[in-house]
Number of protein chains: 2
Amino acid sequence: MTKNEGVHRTVTMRDVAREAGVSVSTVSHVVNNTGARIGQEARERVRRAIDKLGYRPNALAKNLVTGSSRFLGLVADAIASTPFAGQIIHGAQEEAWRHGYVLLVANTDGNEAAEASAISMMLEHKVRGILYSTWYHREVKLPAALAGSDTVLVNCYSPQGEVPAVVPDEVNGGHDATRMLLSEGHRRVAFLNTRALSPAREGRLRGYRRALEDFGLVFDPAKVVDVQPDQEGGYAAVGEILALGATAVFCHNDRVAMGLYDGLRDRGLRVPDDLSVVGFDNQEVIAAHLQPPLSTVALPHDELGRHGVRVLLGIEEAEQTGRLEVNCPPVPRRSIVAATRR
Amino acid sequence: MTKNEGVHRTVTMRDVAREAGVSVSTVSHVVNNTGARIGQEARERVRRAIDKLGYRPNALAKNLVTGSSRFLGLVADAIASTPFAGQIIHGAQEEAWRHGYVLLVANTDGNEAAEASAISMMLEHKVRGILYSTWYHREVKLPAALAGSDTVLVNCYSPQGEVPAVVPDEVNGGHDATRMLLSEGHRRVAFLNTRALSPAREGRLRGYRRALEDFGLVFDPAKVVDVQPDQEGGYAAVGEILALGATAVFCHNDRVAMGLYDGLRDRGLRVPDDLSVVGFDNQEVIAAHLQPPLSTVALPHDELGRHGVRVLLGIEEAEQTGRLEVNCPPVPRRSIVAATRR
DNA sequence: GTGAAAGCGCTAACAA
DNA sequence: TTGTTAGCGCTTTCAC
């Protein structure tokens with residue numbers, strides 16, 4: 001029956017102050033635990049008033065007066081098709097969280113208009129900065145709308161490196177993948193690379209070659225065959241791989257490996273006995289559940305997100321190149337077996 | 001050299017007003033396109049001042065004064081492992097967008113503490129409402145922190161239906177999946193269901209039975225075999241399925257179907273010639289790229305997200321049951337073939 | 001120790 | 001048609 005009835009008026013600091021018989025500034029001090037010396041007694045009264053009234057600070061008002069918001073924006077080009085963007089969001093959100101920030105996300109589906117309006121909406125909400133991410137590692141041209149705002153690129157980079165970027169270390173990933181095979185004694189190691197020009201293609205190839213060198217092997221261009229980077233590509237390449245006499249194959253990604261598995265099965269061949277294989281990406285649904293489970297190298301999407309917010313918040317620096325390369329950890333499973341002398 | 005140099009002071013409405021030689025309220029009117037009749041001339045001057053100064057409205061201040069924020073919160077239990085949560089976010093974000101809202105997302109990894117603090121953070125940011133979502137369809141107990149806030153459940157529901165929920169229509173999905181097989185003339189249709197108790201298990205089974213009825217077939221419990229709901233489960237069940245003499249199988253999900261494919265291949269059998277199969281979920285990476293591509297029924301995650309915000313914003317009503325069931329559309333591909341008389 | 005008061009950037013009466 | 005003014009909920013000097 002009091003005036004608190006009816007319209008669910010929101011409880012403000014003033015209400016708390018009145019209830020506790022103190023001033024708003026006192027309430028503010030206890031709520032924010034500022035150093036201010038507030039008497040035990042008053043402090044208690046405020047606490048009780050807060051509980052009683054169910055007061056909840058208004059972050060928006062706070063942001064307004066302090067001038068600094070606790071928002072971080074994340075714009076993604078495709079959050080729905082793969083779990084990749086999800087992992088980036090996941091990592092970014094957790095790290096943002098740890099620093100008291102909340103994540104505003106927008107999906108653009110690669111649409112420039114959507115992108116521009118997403119960015120401007122974020123800017124209007126005074127985000128502290130924006131993470132611009134793509135679902136596969138690539139070069140992007142920076143949306144004009146981003147100019148002037150604090151930005152970091154995640155899983156992509158700009159041509160000139162004007163803006164800090166956090167990307168996977170493809171070279172090392174390719175190197176480790178190949179080494180998993182080499183260190184088991186394989187010497188005829190084929191590489192089913194993607195035919196799509198991309199940092200992944202170039203980087204992994206460099207890693208492959210480097211690993212070969214490490215083991216004193218000479219690079220044989222004939223052993224790398226370019227395919228469409230999915231199941232169909234892997235499936236179609238079985239014949240060629242077999243003709244190469246390879247005992248092991250490094251696949252550009254897990255999907256290619258999956259296609260390869262299928263093709264091999266159709267010929268009555270077995271992984272890893274007839275062929276050892278290693279993938280890339282560590283796409284859980286696939287890699288962990290193939291028969292046998294696929295050894296692969298993980299694309300560290302959540303780490304990308306995490307590092308992204310760290311450099312955005314200035315906790316971490318991108319190299320002088322403007323690019324921070326995050327390690328792709330190998331995840332060994334059961335698709336590799338020691339080479340038999342033949 | 002002007003005072004605009006140095007610290008990047010943010011341009012406010014007052015600055016624009018001063019530059020344009022009008023009052024802030026005039027600026028406000030033109031910025032917001034309120035009905036107010038502002039002279040062409042003043043309007044123009046304001047426009048120019050805005051461009052010149054690079055003014056950008058401060059949404060936070062606006063929210064503060066109008067009392068209504070344009071935020072929607074989305075808390076998810078697992079945004080990284082599957083594309084499912086991503087699709088929910090995607091749909092929710094797009095729909096929110098359309099209505100001028102931005103999405104605040106938080107991942108909780110099922111951790112209650114994280115959940116509570118996520119929710120309270122959102123509430124402090126005065127979100128208009130919260131979407132609470134899970135990555136697989138299930139019953140949830142409502143986090144206490146949600147009490148009092150506008151909430152809608154997405155892909156989950158509360159026991160008593162106290163809170164509106166948007167969920168997939170499992171029964172119809174199961175029905176349609178089965179019908180895809182039946183309408184091709186199959187009469188011995190097995191069902192590889194999950195053994196995990198869940199609305200998906202019960203619903204799809206009901207749908208399966210209903211479809212059988214529609215075709216005047218009697219339900220044979222022996223034809224439904226419960227398996228672990230992933231590749232391993234499907235793989236392990238091949239023998240049993242074959243023993244059943246089934247000519248077609250409805251798999252609880254695409255992953256089970258994938259396992260089934262593998263098992264069949266190992267025995268030199270072929271989909272769909274030896275067995276027609278239909279999955280559920282429409283997990284793109286799998287379904288679209290199996291050999292042959294898998295006919296399945298889609299789990300409409302982005303629709304769930306979309307409807308979620310619609311009921312949150314009051315644009316749409318959940319049924320009187322408090323549950324809005326979203327249709328799961330069949331997506332035919334090439335894993336089904338007409339039954340041959342044998 | 002605590003409070004008064006100014007003001008963050010904006011909207012919305014109300015005046016003019 | 002345009003300007004004045006009073007806040008929105010909060011932080012933060014600066015007095016007392």
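Chain A is the first sequence line, chain B the second, and so forth, proteins listed ahead of strands; every chain is numbered from 1. This structure is a prediction, so every number in the text was calculated from the model and none was measured.
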Novice: Would you mind reading off the distance between Asn58(A) atom CG and dT11(D) atom C1', rounded to a whole angstrom?
Specialist: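 About 13 Å, once rounded to whole Å.
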Novice: Check the angle between the aromatic planes of His125(B) and Phe71(B) and answer parallel, tilted or perpendicular using the 30° and 60° thresholds.
Specialist: perpendicular
Novice: Does the side chain of His90(B) come within less than 4.5 Å of Asp109(A)'s, by heavy atoms?
Specialist: yes
Novice: Starting at CZ of Arg18(B) and ending at C1' of dC10(C), how long is that distance when rounded to a whole Å?
Specialist: 15 Å
Novice: Is Glu316(A) paired with Arg306(A) through a side-chain N to carboxylate O contact shorter than 4.0 Å?
Specialist: no
Novice: Please give the angle, rounded to 10 degrees, between the axes at the start and the end of the helix from dG1(C)-dC16(D) to dA16(C)-dT1(D), where five pairs define each axis.
Specialist: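 Inter-axis angle at the ends, rounded: 40°.
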Novice: Counting only side-chain heavy atoms from C-beta out, which of dT2(D), dC10(D), dC8(C) sits nearest to Ala61(A)?
Specialist: dC10(D)
Novice: Rounded to the Å, how far apart are Asn63(B) CG and dC8(C) C1'?
Specialist: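 Spelled out: CG on Asn63(B) to C1' on dC8(C) is 14 Å.
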Novice: Can you pull out the residues from residues 23-30 of chain B that lie within a 4.0 Å heavy-atom distance of DNA chain D?
Specialist: Ser23(B), Ser25(B), Thr26(B)
Novice: Between Asp51(A) and Arg48(A), does any NZ, NE, NH1 or NH2 come within less than 4.0 Å of an OD or OE carboxylate oxygen?
Specialist: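 No salt bridge links Arg48(A) with Asp51(A).
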Novice: When you match Gly21(B) and Thr66(B) each to their closest nucleotide on DNA chain D, which lands nearer the 5' end?
Specialist: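 Result of the comparison: Gly21(B).
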Novice: Could you state the CE-C1' distance from Met13(B) to dA12(C), rounded to the nearest angstrom?
Specialist: 12 Å
Novice: One thing to verify: whether Glu94(B) and Arg98(B) come together as a salt bridge, which I'm taking to mean a side-chain N less than 4.0 angstrom from a carboxylate O.
Specialist: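 Salt bridge flag = no for Glu94(B) with Arg98(B).
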Novice: Can you measure Leu64(A) atom CG to dG9(D) atom C1' for me and round it to whole angstrom units?
Specialist: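 Computing the Leu64(A):CG to dG9(D):C1' distance gives 9 Å.
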Novice: If we only count heavy atoms from C-beta on, is the Tyr101(A) to Val309(A) side-chain gap below 4.5 Å?
Specialist: no
Novice: Out of dC10(C), dG3(D), dG9(D), which nucleotide sits closest to the side chain of Thr10(A)?
Specialist: dG9(D)
Novice: Can you check whether Val31(B) reaches Tyr55(B) side chain to side chain, under 4.5 Å on heavy atoms?
Specialist: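 Val31(B) reaches Tyr55(B) side chain to side chain.
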Novice: OP1 or OP2 of dT11(C) versus the side-chain N and O atoms of Asn32(B): is any pair under 4.0 Å?
Specialist: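 Asn32(B) to dT11(C) OP1/OP2: side-chain N or O found under 4.0 Å.
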Novice: Can you measure Leu53(B) atom CG to dG9(C) atom P for me and round it to whole angstrom units?
Specialist: 13 Å
Novice: Heavy-atom distance under 4.5 Å between the side chains of Val46(B) and Val16(B), does that happen here?
Specialist: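 The answer is yes; the side chains approach within 4.5 Å.
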Novice: Starting from C1' on dT11(C), measure out to CG on Leu60(A) and report it in whole angstrom.
Specialist: 15 Å
Novice: Is it the case that the side chains of Thr26(B) and Ser23(B) hold a donor-acceptor pair, with the cut-off being a distance below 3.5 Å and no angle test?
Specialist: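 Result is yes, a qualifying pair exists.
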Novice: Just N and O in the side chain of Arg14(A): are any of them under 4.0 Å from OP1 or OP2 of dC8(D)?
Specialist: yes
Novice: Distance check needed: dG1(C) P versus Glu44(A) CD, whole Å only.
Specialist: 17 Å
Novice: What contact category does Gly39(B) fall into here, base, sugar-phosphate, or nothing, at under 4.0 angstrom with non-hydrogen atoms?
Specialist: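 It contacts sugar-phosphate atoms only.
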